Protein chains: 2
Amino acid sequence: MNKGAQTRAAILDHAVAIAGVHGLAGMSIARLAGVTGMSKSGLFGHFGSKAALQRAVLETAAEQLARSVLGPAQREPTGEARLRSLFSRWLAWIDADERPGGCPLLFASIELAERPGELRDFLVDHQEIWIDRIRQMCQKAVAEGNFREGLDTRQFAFEFHGIGLGFNFARRFLADSRALTHANTALDRLIAAAS
Amino acid sequence: MNKGAQTRAAILDHAVAIAGVHGLAGMSIARLAGVTGMSKSGLFGHFGSKAALQRAVLETAAEQLARSVLGPAQREPTGEARLRSLFSRWLAWIDADERPGGCPLLFASIELAERPGELRDFLVDHQEIWIDRIRQMCQKAVAEGNFREGLDTRQFAFEFHGIGLGFNFARRFLADSRALTHANTALDRLIAAAS
DNA sequence: GCTAAAATCGCACGAACGTTCGCATAGTTC
DNA sequence: GAACTATGCGAACGTTCGTGCGATTTTAGC
């Protein structure tokens with residue numbers, strides 16, 4: 001890896017963390033330069049614009065999510081087991097200490113919900129794909145007989161997603177120690193109703 | 001009402017809307033002055049600091065929520081009916097056109113999740129009370145025999161809240177037309193399991 | 001080890017930010 | 001209507017924002 005690419009990756013690691021705390025808009029180049037030990041202009045040169053930096057942050061976060069949540073889950077056996085694996089890895093990703101603010105993509109989605117533009121489009125695409133992945137896994141569980149025939153898989157994905165959002169809120173904002181138990185219980189109930 | 005209080009209220013109405021789109025940090029005094037037709041300094045004088053303005057915005061939003069969601073629900077008969085009323089009014093509040101960005105308190109909670117301070121404390125208090133209200137209504141439904149004895153009311157409140165978050169996300173961010181149906185189905189399932 | 005390219009820096013810019021101030025005007029009270 | 005206060009404005013402050021540019025250092029290929 002080039003020196004440039006190397007530096008760029010290091011910058012983005014810090015940037016994801018900052019964006020998780022202060023949001024994409026609150027992630028200023030001066031602050032980012034401070035924590036990376038670079039000059040503003042030196043850092044800026046890697047991206048060319050603030051928007052490009054924000055875009056790179058979202059792409060980095062999406063890659064990290066794919067690598068540490070979706071990827072491992074897809075190596076599990078299909079059906080209910082894979083769904084459960086995805087769920088627990090997703091919660092762990094949200095709760096990870098090294099990434100303050102929980103899931104940066106969730107934060108950015110709320111932040112940009114009413115602000116049309118390239119960044120928002122990227123996020124909508126990502127989140128729609130994410131929810132559809134859940135639906136597909138659910139569909140697979142139906143096909144394999146884990147879940148009952150005729151199950152509304154879209155409804156399942158909606159509720160699955162809602163539990164994750166509730167966990168993100170309870171854990172990161174309210175610092176509720178019971179959040180994990182509640183989320184797991186909710187998933188058990190969801191799966192039981194689907195079986 | 002004084003001229004001052006009147007103007008202040010008008011400012012805050014606009015401020016809640018702007019905060020719902022751009023967040024508390026992105027709600028600049030210049031922008032707010034623009035939509036209210038005032039000068040920056042004239043507007044600023046009503047609050048004395050940006051932080052005080054932000055605080056007033058949160059208090060205004062909390063009052064609006066209490067007036068249009070919690071209050072009416074508490075005039076319904078207790079038990080399951082009141083919970084259902086609270087739920088549908090909550091969804092309507094999230095989906096209201098005149099308040100872009102959904103629930104401004106939800107947005108602010110995510111925004112300030114990792115930024116300790118007076119504003120965050122206010123929000124944590126508010127959200128804990130909100131979730132506890134759900135729990136209390138659930139408890140009442142148990143006492144009245146709508147719900148089964150021994151029901152975990154905290155768990156119920158967690159799931160109830162998660163459905164609302166899922167609806168907020170699907171409706172405001174993904175613009176999913178099926179969100180309302182999904183949320184209502186999820187609530188039915190939650191209540192059926194509690195009965 | 002030389003050289004071209006890439007990376008980084010210091011510096012400066014215009015714009016927007018929150019905030020302050022003195023002054024005019026509008027509202028309220030008698 | 002006079003006296004007083006509350007309200008609002010315009011101009012300016014110092015700071016921070018994203019961005020551009022020329023100079024300088026570091027890296028990579030021969």
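Worth saying up front: this structure is predicted, and the values here are computed from it rather than measured. Within every chain, numbering begins at 1; the chains are lettered A, B, ... in the order of the sequence lines, protein sequences first and strands thereafter.
A straight line from CE of Met38(A) to C1' of dT8(C) spans 6 Å, rounded to a whole angstrom.
In this structure, the side chains of Val57(A) and Pro104(A) stay at 4.5 Å or more apart for every pair of heavy atoms.
For an aromatic pair to be called close, the ring centres must be under 6.0 Å apart, and Phe156(A) with Phe147(A) satisfies this.
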**Item:** Pair Glu128(B)-Arg133(B), salt bridge (charged side-chain N to carboxylate O under 4.0 Å, His left out): steps then yes or no
**Value:** CA-CA 9 Å; Glu128(B) 281 178 346; Arg133(B) 279 275 157 72; over 6 Å; no
**Chi angles and distances behind the side-chain contact (heavy atoms from CB on, under 4.5 Å) call for Leu32(A), Met38(A)** = CA-CA 8 Å; Leu32(A) 190 46; Met38(A) 292 183 69; over 6 Å; no
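Residues from residues 6-29 of chain A that place a heavy atom under 4.0 Å from any atom of DNA chain C, listed by number: Thr7(A). Within residues 40-61 of chain A, the residues that place at least one heavy atom under 4.0 Å from DNA chain D are, in residue-number order, Lys40(A), Ser41(A), Phe44(A), Ser49(A), Lys50(A).
Val35(A) and Leu43(A) end up in the same hydrophobic cluster when Ile, Leu, Val, Met, Phe, Trp and Tyr side chains are linked at under 4.5 Å.
Comparing the start and finish of the helix from dG1(C)-dC30(D) to dC30(C)-dG1(D), five pairs each, the helix axis swings through 30°, to the nearest 10 degrees.
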Contacts under 3.5 angstrom, residues 9-24 of chain A side chains, donor-acceptor by atom type, not counting sequence neighbours:
from, atom 1, to, atom 2, distance (Å)
Asp13(A), OD1, Gln64(A), NE2, 3.4
His14(A), ND1, Ala10(A), O, 3.2
His22(A), NE2, Arg31(A), NH1, 3.3

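Positionally, the nearest nucleotide of DNA chain C for Arg31(B) lies more toward the 5' end than for the other of Arg31(B) and Lys3(B).
Between Phe160(B) and Trp90(B), the angle of the ring planes stays under 30°, which puts this pair in the parallel group of the 30/60° scheme.
At a threshold of 4.0 Å, the pair Arg84(A)-Asp188(A) counts as salt-bridged, since one of the basic side-chain nitrogens sits closer than that to a carboxylate oxygen.
With sequence neighbours left out, Arg120(B) forms a side chain to side chain contact (heavy atoms under 4.5 Å, CB included) with Phe173(A), Leu112(B), Val124(B).
A side-chain hydrogen bond (donor to acceptor under 3.5 Å, both in side chains) check over residues 93-118 of chain B, counting only residues at least two apart or in different chains, returns the pairs Arg172(A)-Glu114(B), Arg55(B)-Glu118(B), Asp95(B)-Arg171(B), Ser109(B)-Gln127(B).
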